[in-house]
Amino acid sequence: MERTLKDLSTQPCVLIAHNAKFELGWMRRHGIPLQNFLPFDTMLAEYVLAGNRPWPLDLDSIAQKYRLGSKGRLIDRLMKGGVCPSEMPEQLLAQRCESDVSLTTQLFYLQRELLEQAGLTRVVYTRCVTTPVLTIMESEGMLLDHAAVAAEYDSLIQRRAHLQTALTALAAGVNLRSGKQMGEFLYTTLGFREMKDRHGNPLRTATGRPRTDSLALSSLTATTDSQKHFLKLKQEHSKIDSALTKTLDFFYRVCEERGATFRAQFHQSRTRTHRLSSSGRRLGFSDGSERGVQFQNLPRAYKRLFVARNGNLIVEADGAQLEFRVGGSLAHDPQILRDVQEGADVHRFTASVLHRIPEDQVTKRQRDGAKADTFKPMYGGMSGTPRQKAYYEAFRQKYHSLHSTQQGWTMSVLRDGCLRTASGLTFYWPGTRMDQSGYVQNSSSIFNYPIQSLATAEIIPISLVYLFWLAAAETPSVRFVNTVHDSVVAEVPAKELDKYRALVVESFLNRTYEFMDKVYGIDLYVPLGVSIRAGTRWGEGEEVVTSDPYRGGSSEDAT
DNA sequence: TCAAGATGCGCG
DNA sequence: AAAGCGCGCATCTTGA
């Protein structure tokens, strides 16, 4: 007897598909509930087997690699050419569907063996259980506040016009957006001296052109008032121009023409560390332009332009110091554990070394300025001023267990060309060598991948999946709208806020510990923490930090 | 005229 | 000689 997908969706069911999010998206649009489907995604399986190797992930390429034959090219060409399936030869289309199903099935059986041999089955399922959640989240989109967007847009448009007039007077005929023209103007016409490294070599772009980005501009020594004036105007112009062209112009049009809501996609197989990436769904506008904005690099200052639907609250849950703590767990670093237990202010330590003063004399300004340096040495950062280097050295000494663990990773890559990490996911750096000075190629990536990967490709997705399904059962009117590496954003009715907060703590801490232990055999040595912020607009509201209540951590208000 | 590369800039 | 990691999008430049 034939059963429909809708029948199947009422009981637990494994769905085997290549790029399952695509199929799940169609099922969702047809009103089929997704909670009973466990996908096995052959694309994600291949991605997990690849680790950080850039293997092709389309079904055709994989089928060829496994010698499963190739699917018909004609339908592919028609699809690419934008032909609607209803216009395609029915016979060919049916053949193509059957061939896809057959290829995917054969691929599944082959991958199942390979994954088991490699100890990667659990990693694949961790990826796969995230897919239905992302499918639903992608379909929600995020809502802008029309009035707030319009006000910000008008003010930036005006300001940019003003800056443009002023800059044109100072740099007639120079295209402010052209690095080439800007470089000639700065370093030839105005005669600025380029930023140099400590050996006196100019810091150039990859192709040897002088840099004109904001960092380079702020390093220039302006001698005259008009030079100072120009630099100031140009830096402000770059910032405003980038905000307008990349973000606000799009927001404004979305509000005017698209009901103030826009969507993005999440990609599970794009990054080397297996964290997610995002890209915007492109929208066409009345001026003929077509553009999109992704969800993971929105300017922080513009979070306040987003609101929840139905007058609800926007709630952001954030993994506290996530990579630092996960690094501490992987290395069993007692100093990181102490820092977390005592709620130490890591940036204050940075500032005290940089400014050579005791920690209790560090000002807020010095502390904030030190933030950029704090975690640079965690991923192998070495270069900088003598004081920065002194700090990097101090970091390596203070967290010596972390550093020696990372060196151990580097040594095993030198020996084997690859590194198997805590989850089993393996990264490959073939041909890695040490040079005369003792510097190992790829060492920064080797320091980073195991930490970034466990933190943002395993821990947060699992927390998200637990939170999503707990909320579906207990606070069903909560709508999940975004996730950004260490955070989850949801729209929550005010009267359900307390209940939702409890679910966040339960999922980000207890359930995640349980999963990491049962599935991966990983006992997190440093407790995780989660901070929650709830407000009418995204990013507003008091932040409340919770450390693990069962591991001696404390609950405190963040400052 | 078009595609690919380079650059700059936003986020964690 | 130099050396934090990971992304996506807009714009300009380059080369065919």
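Order of the sequence lines sets the chain letters (A, B, ...), proteins ahead of strands, with each chain counted from 1.
- Within the nucleic acid shown, A/Lys376 comes within 4.0 Å of at least one base atom, counting heavy atoms only.
- Of all the residues in residues 446-460 of chain A, A/Gln452 reach under 4.0 Å from DNA chain B with at least one non-hydrogen atom.
- As judged by a 4.0 angstrom heavy-atom cut-off over every strand, A/Arg177 is placed among residues touching the sugar-phosphate backbone only.
- In this structure, A/Ser278 reaches the sugar-phosphate backbone alone: every heavy-atom distance under 4.0 Å involves primed, P, OP1 or OP2 atoms, never a base.
- If you check every strand for non-hydrogen atoms under 4.0 Å, A/Asp249 touches nothing.
- Checking B/dG8, C/dA10, B/dT7 against the side-chain heavy atoms of A/Thr212 singles out B/dG8 as nearest.
- Proximity of the aromatic rings of A/Phe192 and A/Phe230 is defined here by a centroid distance below 6.0 angstrom, and this criterion is not met.
- Under 4.0 angstrom from either OP1 or OP2 of B/dT7 there lies at least one side-chain N or O belonging to A/Thr207.
- Between A/Asn175 and C/dC12, a side-chain N or O to OP1/OP2 separation shorter than 4.0 Å is present.
- For the OP1/OP2 pair of C/dA10 and a distance below 4.0 Å, the side-chain nitrogens and oxygens of A/Arg282 include at least one atom meeting the criterion.
- The residue A/Arg204 sits apart from the nucleic acid: no heavy atom pair falls under 4.0 Å.
- Applying the 3.5 Å distance criterion, the base of B/dC9 shares a donor-acceptor pair with the side chain of A/Lys246.
- OP1 or OP2 of C/dC7 lies within a sub-4.0 Å distance of a side-chain N or O belonging to A/Arg272.
- Residue-level contact check: A/Gln441 touches neither bases nor backbone, having no heavy atom under 4.0 Å from any strand.
- Ring to ring, A/Phe306 and A/Phe251 are close: their centroids are under 6.0 angstrom apart.
- A/Ser214 comes within contact range of the sugar-phosphate backbone alone, with a heavy-atom separation under 4.0 Å but no base atom that close.
- At the phosphate of C/dT13, OP1 or OP2 sits under 4.0 Å from a side-chain N or O atom of A/Gln181.
- Relative ring orientation between A/Phe515 and A/Tyr520 is described as perpendicular, the plane-to-plane angle rising above 60° on a 0-90° scale split at 30° and 60°.
- Side-chain proximity of A/Tyr379 to C/dG4, C/dT13, C/dG8: nearest is C/dG4.
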